[in-house]
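See below for the structure under consideration.
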Amino acid sequence: MQRVVHRTCTLCEACCGIEVHVEAERIRAIRGDPLDPLSRGHVCAKAVALRDLHEDPDRLRQPIRRRGSDWEPIGWKEAFDLAAEGILRARDGHGQRSVATYLGEPVVHNLGALLFSEELVEAVGAQTRFSANTLDQIPRQLACHEMYGSGYFVSVPDVDRTDHMLIIGANPIDSNGGLMTAPGIRRRLRAIRERGGRVVVIDPRLTATAQRADEHHFIRPGTDGLLLAALVGTIFDEDRVRLGRLEPIVDGLDVVRRAVAGFPPEAEAARTGIEAPVIRALARAFADAPSAVCYGRMGTSAVRFGTLTSWLIEVLNAITGNLDRPGGAMFPRPAVDVISLQPATRRGRWRSRTRDLPEFMGELPTASLADEIETAGEGQIHALVTLAGNPVLSSPAGHRLSEALRKLDFMVSIDFYLNETTRHANVILPPVGPLERNHYDLAFQLFSVRNTARWSPAVFDAPAGARTDAEILLELSRRLQRARGVGGLLRAVAQRAVLGVGADRVARGVLAAALRTGPYGRLLPWRRDGLTLARLRDSRHGVDLGPLVPALPERLPGRSRRIELAPEDVIVDFERLRRSLDEPPPRLQLIGRREPRSVNSWCHNLPTLMRGRRGCLLHVHPADADALGIDNGAAVRLASRVGSIEVRVHITEAVMPGVVCLPHGHGHGLEGSRLKVAAEHAGASMNDLTDPAEIDPLSGNAVLSGVPVAIEPRAR
Ligand SMILES: Nc1nc2c(c(=O)[nH]1)N[C@H]1C(S)=C(S)[C@@H](COP(=O)(O)OP(=O)(O)OC[C@H]3O[C@@H](n4cnc5c(=O)[nH]c(N)nc54)[C@H](O)[C@@H]3O)O[C@H]1N2
Ligand SMILES: Nc1nc2c(c(=O)[nH]1)N[C@H]1C(S)=C(S)[C@@H](COP(=O)(O)OP(=O)(O)OC[C@H]3O[C@@H](n4cnc5c(=O)[nH]c(N)nc54)[C@H](O)[C@@H]3O)O[C@H]1N2
Ligand code: SF4
Ligand SMILES: [Mo]
């Protein structure tokens, strides 16, 4: 029998609509859905690889337990018993803060995991939560928390209407966008130029995005804070500040003016590598455009001044009148209004033990996870639960973290791969694959360049006895939960009830209620065209809810309904920025790159994506190669303060002199992992070089870019 299932691809933030063609219960084809209101047929090569993932013989389909270096398949009951027992033993022996959770990136692509991971965190201990957020966008969320009152209220570039897009430290053509759900971004950027607008890219590498821009400037890694201070300063100096409609609700303009005054373009040119006249021209072009938006991503986030830089981008948009207006930086209005459903985000309720940093949104810095495990004393971590994460390859000094994980008393992983991280677990609880569960994009509609909604039904029934992430999370949480007080009791009762009904049905129920009561919902019976889950399920291609609309001040999450343009906690960091000018610049810095045919560390086992690969190559500028006497293709040893790896060199002018570039997410083939295809393309892990001591102190985010390194040629 033939059938076609319409849903979204959950591999990256673009959330493309796909058609999965199934015949005799096998996938025959995966194509873009031309009728999806957001992606309009766009897909990339990775969508097709969902079939490989579905069929991957290495994907775990049954719980396993480790016995020494061997693994033994076990039943679910035994697996949950073992998992709960191990965690409770650690907790009884060492106290509540001795068990931690690490949540990886795919959680946000998974409705059940997103809804129920909080149960797990609560049951394990809310004060020991680590996640990929502190390897990624938490500086941006902190900036938005300080300015608007919530770390979930993040502005998104209105790419489809802007006249000028300044892209700093993002490569959406290869990444398909982050904190910007804009499938088919190549087409959208081309459209800006076709309607007479400009695309300008600031990046230490001539990326695929930079190649298709009107203008590209190399910048020294980690110096964007200086560039942005100079851009904002120029706008003040030249009297180009226009707050526009938002003027009555913005506080702190003069504080910003004074803060950036000490960073004139002339002073920044040498550091950033961008000449003062160019900086001034960039500022003028931005301020003069009918509409403009500055967009930054990993290159402005996972860096030394991540929060300050992310905040300056928001400021640049605000002071040129581009915040909350069409063509500028806008706030999506999702069908499930996560902003109004969430309490305001908070910071500083507890502090990290080894770095003494304030928690933010419940997170402690993942860069300190190894220290938290290895440093003896009250609150030392003895047991860990990982959910959809691979921090051994994705966090700084992953090789050290790997050693630390070995020292844990107990570890559980909820993951369908036996990989570099989960090999350290005592028990692995594997959820079903992405095509075997329903989905709805709660998270990415918050970052979408157009308001749409789409229900994604499972393509296949879950195999008999298999569990979804939601079911695993609930069952494990229930066993860990101690009914403390009325709150704990209520929670325990609720969990039991949810388990009785079925976690996935409950997730659907929650979604149905949230849609009905949301901004487009059919709460009132006479709003006949209002959104309901039933209607969404009938609209196989999704529902178009229109372009972004102005949201301020009504939707500002903070109680004051005002914008704090100059949050004190951020402004103090200018002092550190100033001091950075006195440090000698590193001779050679390492940056990362994302591979178009991969997702972080976990899609290298999919044969479709690995065909014709040339390996994990270190890009080096010809001038640096000459100076070091290195030939194209040479094997070299690349070393940093924390480690060294062996890689082969590819000489190219696409990186700026003084910068070398390596993809992250490699370093497979470690003993005990079970990823056959990935092991054949092992490569080296860039995160054996990134330094966990280097963080953005405001947010605790890891510094993954601009790592000082040295190259030594290696005798062949
Ligand atoms: N194909 C693919 N797509 C992905 C992913 C993937 O692994 N593969 N990962 C997904 C995830 S989890 C995320 S978070 C997003 C990220 O999405 P992006 O941020 O768009 O992706 P990156 O490639 O990290 O882009 C960061 C850019 O910043 C540049 N850069 C590095 N350091 C600096 C600096 O100091 N200053 C400036 N100005 N630029 C700098 C880099 O050269 C790079 O071009 O992508 C998502 N999409
Ligand atoms: N040097 C350097 N390091 C980086 C980055 C960088 O740019 N440079 N980028 C950082 C960024 S932006 C991110 S987001 C992090 C990612 O960091 P992580 O999230 O820790 O790592 P991933 O490689 O995404 O691993 C995801 C894991 O989830 C599992 N998985 C996939 N789908 C599911 C599912 O549906 N359920 C469950 N239970 N498991 C699933 C996979 O098998 C894999 O083990 O890496 C960061 N690390
Ligand atoms: S861009 Fe590719 S990986 Fe991302 S959602 Fe679309 S098809 Fe999937
Ligand atoms: Mo990410």
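One-based numbering, in listed order, for ligands and for the atoms of each. Heavy-atom basis, side chains included; hydrogens, waters and symmetry copies ignored.
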Item checked: Any N or O of Y102 closer than 3.5 Å to N or O of ligand 2 -> yes

Next item on the list: Please list, by chain and number, the protein residues whose heavy atoms come under 4.0 Å of ligand 1.
Entry: K46, E105, D136, I168, G169, A170, N171, P172, D174, S175, I202, D203, P204, R205, T207, I219, P221, G222, D224, R297, M298, G299, V303, I591, R594, E595, P596, S598, V599, N600, S705

Check: If you measure every N/O of D415 against every N/O of ligand 2, is any gap under 3.5 Å?
Finding: yes

Item checked: Side chain proximity check, M298 to R594, heavy atoms < 4.5 angstrom -> yes

Margin query: Are H681 and H604 an aromatic pair, judged by ring center distance below 6.0 Å?
Written below: no

Check: Any non-hydrogen atom of P434 lying under 4.0 Å from ligand 2?
Finding: no

Check: Taking the side chain as C-beta and beyond, is there a heavy-atom pair between Y417 and N605 under 4.5 Å?
Finding: yes

Check: Between L405 and I373, is any pair of side-chain heavy atoms under 4.5 Å apart?
Finding: yes

Check: When you check the space around atom 8 (Fe) of ligand 3, which protein N, O or S atoms turn up under 2.8 Å?
Finding: C9 SG

Note to self: Does E653, at its CD atom, have more than 12 non-hydrogen atoms belonging to other residues, nucleotides or ligands within less than 6.0 Å?
What the structure shows: no

Check: For D696, which of T134, T307, N701 qualifies under side chain to side chain donor-acceptor pair (under 3.5 Å)?
Finding: T307

Checklist line | Note, R7 side chain near E19 side chain (heavy atom, < 4.5 Å) | finding: no

Margin query: Can you confirm whether R674 is buried at CZ, in the sense that more than 12 heavy atoms of other residues, nucleotides or ligands lie under 6.0 Å from that atom?
Written below: no

Checklist line | Ion pair D58/K676, N-O distance below 4.0 Å | finding: no

Note to self: Checking contacts here: is it the side chain or the backbone of N419 that comes within 4.0 Å of ligand 2, counting heavy atoms only? Could be both or neither.
What the structure shows: side chain

Notebook entry, point to check: Quick one: which ligand 2 atoms are inside 4.0 Å of a heavy atom on G389?
Noted result: 20 (O), 27 (C), 28 (O), 44 (O)

Check: In terms of side-chain geometry, is the basic nitrogen of R129 or E118 positioned less than 4.0 Å from the acidic oxygen of its partner?
Finding: yes

Notebook entry, point to check: So, do H109 and E105 sit near enough that their side-chain heavy atoms are less than 4.5 Å apart?
Noted result: yes

Note to self: Can you see whether W76 has R467 sitting over its ring - NZ or CZ less than 6.0 Å from the centre and within 45° of the normal?
What the structure shows: yes

Next item on the list: Please determine if R454 and D33 form a salt bridge, counting it only when a charged side-chain N lies under 4.0 Å from a carboxylate O.
Entry: yes

Note to self: For the 3.5 Å polar cut-off, considering only N or O atoms, please tell me whether D469 and ligand 2 meet it.
What the structure shows: yes

Note to self: When you measure from the heavy atoms of P431 to every atom of ligand 2, does any distance fall below 4.0 Å?
What the structure shows: yes

Next item on the list: With heavy atoms of P391 as the reference, note each atom of ligand 2 found under 4.0 Å away.
Entry: 20 (O)

Next item on the list: Please determine if F416 has a nitrogen or oxygen closer than 3.5 Å to a nitrogen or oxygen of ligand 2.
Entry: no

Check: Below 4.5 Å, heavy atoms only, C-beta onward: do R611 and R613 meet side chain to side chain?
Finding: no

Next item on the list: Between R437 and ligand 2, find which residue part has any heavy-atom pair under 4.0 Å and reply side chain, backbone, both or neither.
Entry: side chain

Check: M686 heavy atoms, cut-off 4.0 Å: which ligand 2 atoms fall inside?
Finding: 1 (N)

